[in-house]
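What follows is one structure encoded as structure tokens, with my remarks underneath.
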Amino acid sequence: MSAPLGVDAPAISWTPIATGLPGAPILDLAMNPSNTANFFAASPGGLYQTTDSGLSWSPVIAEEMIVKADAVAIAPGIPSTIYIAKSGIGVSRSIDNGATWLSVNNGLTDTNVRLLTIDPTTPSIIYAGTGKSIYKSIDSAGAWTELLLPNTNTEINAITIDPADTDIIYVATGGAGVLKSPDGGTSWSTLLTELTNTYILSIAVDSTTPGIVYAGTSGDGIFKSVDGGTSWVSIGPFGTQYITTIKIDPTTPTTLYAGGSMIFPQGVYKSVNSGANWDNVVLDFMSVFSLAVDPVTPTTIIAGGQGELTSGIVSLPAMGGVYLSTDGGTTWTDRNNGMTNVDVKSLLINPTDTSIIYAATDRQYLGLHISINGGMSWTGREMTSPLDIKDFATNPLTPYITYAVGTRRSSQVFEIIDQNLVPIGFNNEQTAVNAIVSAAPSQSSVEIYIGTDSGVYKSTDFALNWTQVNAGLANTMIHTLAVDPVTQTTLYAGTDDGVFKSTDSGSLWQRKSSGLTTLAIDTLAVDPSDPDILYAGTSNGIFQTKNAAQSWAPTNSGLTNTNIQCLAIDPTQTEIVYTGTADGFFRSVNQGQSWTGENDGLYVKDVESIAIDPDSPATIYIGTTQGGIFKTQQSNP
């Protein structure tokens with residue numbers, strides 16, 4: 001690409017860094033029975049794989065895998081064949097352990113697939129569950145046929161095959177009890193009796209004793225049948241929680257595990273006497289959605305789920321993800337190393353030590369993640385209250401001092417001291433903090449500004465005390481703030497009503513929105529070599545000014561998506577401008593006159609944040625939605 005003001009720049013390729021699962025919701029688990037250290041986790045960020053029992057994770061990279069994965073299943077006897085269900089997209093199949101994928105939706109009239117079950121003796125037979133339908137394939141998902149159910153208005157929550165007689169299928173429904181087919185789904189009966197009008201979430205069948213079936217409910221505990229579902233007896237005194245999954249020890253079927261969710265006490269429950277008695281096996285801070293028992297060493301169990309508050313009381317980090325027990329559920333270890341599968345709202349590289357990187361995430365009690373080795377590994381910093389960290393700023397006179405702002409139940413400003421968050425001011429439950437910037441109008445003064453849903457606040461005493469500075473702001477919802485790098489008494493605010501400018505450290509603001517056809521401003525960037533040039537990102541593209549915001553013009557040539565979520569300017573070659581959109585990462589080498597997508601290796605293209613290494617501007621980090629952090633592999637131009 002060549003254009004006036006253009007510079008040569010190498011192509012960009014991206015590599016995901018900090019592989020792992022940092023407590024993200026895990027919707028389903030599938031363990032490779034021939035190599036039980038290898039299993040897959042389905043999550044809102046896609047599909048992830050581990051080959052070392054969760055010590056490290058790798059995203060399964062495929063273009064269609066960038067959306068939520070609802071269910072995952074491994075073909076029995078063919079561990080290289082994997083199926084994944086994605087609500088709204090359907091079913092995909094890989095025959096090479098996840099390296100490549102093929103969409104297999106022939107015959108699926110409803111692609112909202114949330115459940116997958118494979119026949120344990122005939123892996124070409126697969127059942128797929130949608131909201132109110134079940135489909136069957138007899139040719140490894142080559143084609144699907146919808147099964148005729150006795151009740152077409154009930155929710156399908158689980159599909160379970162009797163391992164002793166795979167023609168027998170049980171279906172857990174929402175409000176119609178349990179459905180049973182004796183002939184692979186051709187005909188059905190409704191098993192009501194004691195389960196009439198009960199919301200069934202999960203089903204498990206004993207493979208060694210014909211007729212023993214367990215059903216987990218929503219608020220009514222667990223029921224057991226010893227006659228193939230004809231009659232049921234309540235065996236689980238669980239109160240009001242949801243029993244989302246039940247697993248039976250494959251070698252000792254009197255040992256059962258149940259996953260509880262949503263309502264305290266939750267976590268994992270265990271029975272060693274076929275359900276007569278149950279014990280809560282910790283993990284009570286997590287809604288457990290999926291369990292897997294190692295068929296070779298059944299004392300090894302993995303649990304996946306979502307972190308929740310404990311009985312409404314903040315006592316533990318709301319940490320979900322994957323946990324592993326090697327002693328039958330007595331103790332559990334976190335298997336969520338790293339920081340992928342999260343929303344990364346903001347990134348900051350420490351200017352005094354660029355190996356230190358801060359990441360603002362949506363992890364509630366672990367909203368701040370820090371890397372001290374250039375992103376190779378990350379550590380979450382626990383907080384005592386649920387706060388998303390939203391943005392960072394450094395003290396311009398003392399750049400080793402870093403500030404962070406967070407918002408969830410209340411808004412808070414923190415100083416990062418010894419890599420920990422220390423609250424220092426602005427604890428406000430009435431407004432949300434969206435942005436923070438700092439300025440040094442002289443060699444002896446520092447001013448810090450935060451943008452909130454109720455305007456701009458300013459501190460001149462290192463964030464201890466704050467004063468609202470809204471004079472002239474027509475709309476007080478502030479999305480982003482920027483400081484003129486040359487004249488640091490000049491500030492810009494992006495609001496729901498355009499761009500506002502102050503030339504007196506926030507004392508008075510003036511609306512500067514001439515030429516803006518979209519007034520909701522999400523991000524701003526000021527050219528460090530020519531501060532008359534600014535870029536404003538909106539949901540309808542990028543606008544540029546070359547006269548210090550007196551007038552604006554769109555500059556979107558080459559963008560395939562105009563939902564602009566972040567902007568950054570190369571500090572040494574300011575002709576180079578970067579933007580993150582909902583459709584990937586784009587670069588301009590000519591001050592925004594034209595843009596080119598640079599998405600090689602970027603399998604999650606929803607880019608929310610950008611950070612450029614000040615010592616090596618060819619090194620760039622980007623934060624994504626549900627995809628963690630990626631790093632460039634380009635060479636210096």
Check residues 462-472 and write down every donor-acceptor pair under 3.5 Å in which the side-chain atom is one partner and the other belongs to a residue at least two apart or another chain.
| from | atom 1 | to | atom 2 | distance (Å) |
| --- | --- | --- | --- | --- |
| Asn465 | ND2 | Asp461 | OD2 | 2.6 |
| Trp466 | NE1 | Ala463 | O | 3.0 |
| Gln468 | NE2 | Ser454 | O | 2.7 |
| Gln468 | NE2 | Tyr457 | OH | 3.3 |
| Asn470 | OD1 | Val456 | N | 2.8 |
| Asn470 | ND2 | Ser454 | O | 3.1 |

Measure from the side-chain N and O atoms of [X] to the backbone N and O of [Y], and report whether any donor-acceptor pair falls under 3.5 Å.
{"X": "Thr398", "Y": "Ile401", "result": "no"}
{"X": "Ser58", "Y": "Gln49", "result": "no"}
{"X": "Thr579", "Y": "Cys566", "result": "yes"}
{"X": "Trp14", "Y": "Glu598", "result": "yes"}
{"X": "Asn561", "Y": "Asn563", "result": "yes"}
{"X": "Thr111", "Y": "Gly88", "result": "yes"}
{"X": "Asp28", "Y": "Val72", "result": "yes"}
{"X": "Thr394", "Y": "Tyr403", "result": "no"}

- For Asp70, enumerate each residue passing the salt bridge (Lys or Arg N to Asp or Glu O under 4.0 Å) test, keeping only those at least two apart in sequence or located in another chain.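 Asp70 satisfies salt bridge (Lys or Arg N to Asp or Glu O under 4.0 Å) with Lys68 once adjacent residues are dropped.
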
- Please list, chain by chain and in numerical order, all residues satisfying salt bridge (Lys or Arg N to Asp or Glu O under 4.0 Å) with Lys512, sequence neighbours excluded.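 Expected list: none.
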
Nearest atoms (heavy-atom pairs only) where [X] meets [Y]:
{"X": "Ala359", "Y": "Leu347", "value": "CB-CD2, 3.8 Å"}
{"X": "Lys458", "Y": "Thr460", "value": "CE-CG2, 3.8 Å"}
{"X": "Ala42", "Y": "Ala69", "value": "CB-O, 3.4 Å"}
{"X": "Leu524", "Y": "Ile521", "value": "CD2-CG2, 3.9 Å"}
{"X": "Ile450", "Y": "Val405", "value": "CG2-CG1, 3.9 Å"}
{"X": "Trp552", "Y": "Ala536", "value": "CZ3-CB, 3.7 Å"}

Can [X] and [Y] be counted as having a side-chain donor-acceptor contact under 3.5 angstrom?
{"X": "Ser594", "Y": "Asn590", "value": "yes"}
{"X": "Asp583", "Y": "Thr581", "value": "no"}
{"X": "Glu447", "Y": "Ser505", "value": "yes"}

- Take Asp497 and Arg511 through the salt bridge (charged side-chain N to carboxylate O under 4.0 Å, His left out) test and state the conclusion after the steps. CA-CA 9 Å; Asp497 193 34; Arg511 193 170 186 269; 3.3 Å; yes

- Option passing side chain to side chain donor-acceptor pair (under 3.5 Å) with His479 (candidates Thr495, Thr538, Asp522, Asp496):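 The option that passes is Asp496.
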
- Message: For Phe585 and Phe630: C-alpha separation, side-chain torsions, deciding distance, then whether ring-ring contact (aromatic ring centres under 6.0 Å, His included) applies.
- Response: CA-CA 11 Å; Phe585 183 86; Phe630 293 76; over 10 Å; no

- Looking at Thr452, Leu473, Asp453, which one forms a side-chain contact (heavy atoms from CB on, under 4.5 Å) with Ile478?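 For Ile478, the side-chain contact (heavy atoms from CB on, under 4.5 Å) test succeeds with only one of Thr452, Leu473, Asp453, which is Leu473.
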
